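Below: the structure, in structure tokens.
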Amino acid sequence: MKLIGISGGYDNRVQENVLYHKELVKVAEALGLKTATTKTIVTALNVPDDVDILFLLSVPNTLKVMLLKSARLLVYTPSNEHFGIVPLEAMLAGVPVLAANTGGPLETVVEGMTGWLCPPEDIERWTAVMDKVLHKMSDADVKKMGQAGIERVKREFSDVKMAERLDDIITGMAATERRSARELSSFVLTIGVFLFDTAYYFASQNQELKKRLATLLLPPFALTILSTISWVAYFVIGYSAKKKEEQVARAQAKAR
């Protein structure tokens, strides 16, 4: 029987952490497995040889590095994780990863190359992969998969690569044409003009008012017509300017 280590963040002030740990210990013991729980490197190194499952609570970075170097497989169980740094840490240490086929691992772990991706609810598939890595795969095959993980992290998730991706995203956002606040305010103003024109039209039907303001009355919906003409001119000019920019861009591309 190989020693199985279960490690992760743990805070005894968080009830979920306490209950989850107790539940895991209870399940392991119900299966006839001997367990131990440690929090430091010293106690972890002094665990008896007959322990089957070792629970490591909030391990320090030094111990984490030691565990990754000695691990044959890292099992990452969270579902719908936003990204997850743990699989990358494992791959960078040359350890294959078994993770849920949801969330971040879909981007970081490559099925069959740097690890495996399984549905969270498919217990048999998770068990089959763990059995394969622990008992059926040769050391050379495990090492080959671990090396592929190292290369993938350095190639796709290094600080330089991530900076390039962020720069591309920001550049794309800057190049995206967006409607300005002035356009929105002008549109709202046009709606207001239309409503004013409508009220003005019905008010002008009053004969008494019409006689008194005969020389000041505008034709019905005059302001709305002027606003519509302005919008048409705006879109025509904007479309022409955009076409001109595209022509200039194509000319510059050909010149290169």
Side-chain angles (χ1 to χ4, degrees), residues 1-79 81 84-102 105 108-109 111-112 114-147 149-150:
M1 173 73 73
K2 295 180 181 290
L3 174 64
I4 298 175
I6 300 178
S7 60
Y10 181 88
D11 188 339
N12 56 18
R13 295 170 298 179
V14 179
Q15 187 179 21
E16 183 182 7
N17 288 176
V18 177
L19 294 177
Y20 193 46
H21 174 231
K22 288 182 178 179
E23 182 181 353
L24 289 175
V25 171
K26 184 177 180 180
V27 170
E29 292 176 347
L31 295 172
L33 301 173
K34 186 173 182 179
T35 70
T37 299
T38 66
K39 296 182 179 180
T40 66
I41 296 178
V42 176
T43 53
L45 293 176
N46 286 282
V47 170
D49 294 336
D50 60 343
V51 169
D52 300 306
I53 298 179
L54 175 61
F55 293 97
L56 301 157
L57 310 183
S58 296
V59 298
N61 190 62
T62 304
L63 180 54
K64 180 179 69 175
V65 173
M66 292 173 59
L67 291 170
L68 287 174
K69 286 183 177 180
S70 62
R72 191 174 178 87
L73 175 70
L74 182 131
V75 182
Y76 190 66
T77 58
S79 299
E81 184 74 2
I85 196 66
V86 175
L88 291 181
E89 289 180 322
M91 287 191 289
L92 188 59
V95 180
V97 177
L98 168 59
N101 61 350
T102 61
T108 55
V109 180
E111 173 70 30
T114 67
W116 297 266
L117 297 168
C118 296
E121 70 283 353
D122 195 340
I123 299 175
E124 292 183 357
R125 283 186 61 180
W126 287 73
T127 304
V129 172
M130 286 187 277
D131 180 61
K132 175 182 177 180
V133 177
L134 295 176
H135 304 116
K136 299 175 182 178
M137 285 184 69
S138 66
D139 292 341
D141 288 339
V142 174
K143 187 176 181 179
K144 181 180 179 180
M145 183 169 279
Q147 185 60 40
I150 295 174

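Note that the structure is predicted; figures quoted are calculated from it, not measured. All values below come from the heavy atoms of this structure, side chains included, with hydrogens, waters and symmetry mates left out.
When all heavy atoms are compared, the tightest approach of Ala90 to Leu68 is CA-CD2, 4.0 Å. Nearest heavy-atom pair, Gly32 versus Asp52, reported as atom, atom and distance to 0.1 Å: O-OD2, 4.4 Å.
The side-chain heavy atoms of Leu88 and Ile85, taken from C-beta on, include a pair separated by under 4.5 Å. The closest side-chain heavy-atom distance from Tyr76 to Leu117 is not below 4.5 Å. Between Thr35 and Val51, every side-chain heavy-atom pair lies at or beyond the 4.5 Å cut-off. At least one side-chain heavy atom of Val47 sits under 4.5 Å from a side-chain heavy atom of Thr38. Side-chain contact between Leu54 and Ile6 is absent, with no heavy atoms from C-beta onward closer than 4.5 Å.
By the side-chain contact (heavy atoms from CB on, under 4.5 Å) test, Ser70 pairs with no residue at all, sequence neighbours left out. Considering only residues two or more places apart in sequence or on other chains, Lys34 meets the side-chain hydrogen bond (donor to acceptor under 3.5 Å, both in side chains) condition with Asp50. Remark: Asp131 pairs with Lys136 by the salt bridge (Lys or Arg N to Asp or Glu O under 4.0 Å) rule, at least two apart or across chains. Every residue two or more places apart in sequence or in another chain that forms a salt bridge (Lys or Arg N to Asp or Glu O under 4.0 Å) with Asp11 is listed here: Arg13. Qualifying salt bridge (Lys or Arg N to Asp or Glu O under 4.0 Å) partners for Asp49, counting only residues two or more places apart in sequence or in other chains: none. By the side-chain contact (heavy atoms from CB on, under 4.5 Å) test, Thr37 is found to be paired with His21, Phe55, Leu57, residues two or more places apart in sequence or in another chain being considered.
A 6.0 Å sphere centred on CD1 of Ile123 holds no more than 12 heavy atoms belonging to other residues, nucleotides or ligands. No more than 12 heavy-atom neighbours from other residues, nucleotides or ligands sit within 6.0 angstrom of CD on Glu16.
Within the 3.5 Å criterion, the main-chain N or O of Val142 finds no donor-acceptor partner in the side chain of Arg72.
Under the 3.5 Å distance criterion, with hydrogens and angles disregarded, a donor-acceptor pair is assigned to the side chains of Asp141 and Ser138.
Taken from SG in Cys118 to CE in Met130, the straight-line distance is 8.5 Å, to the nearest 0.5 Å.
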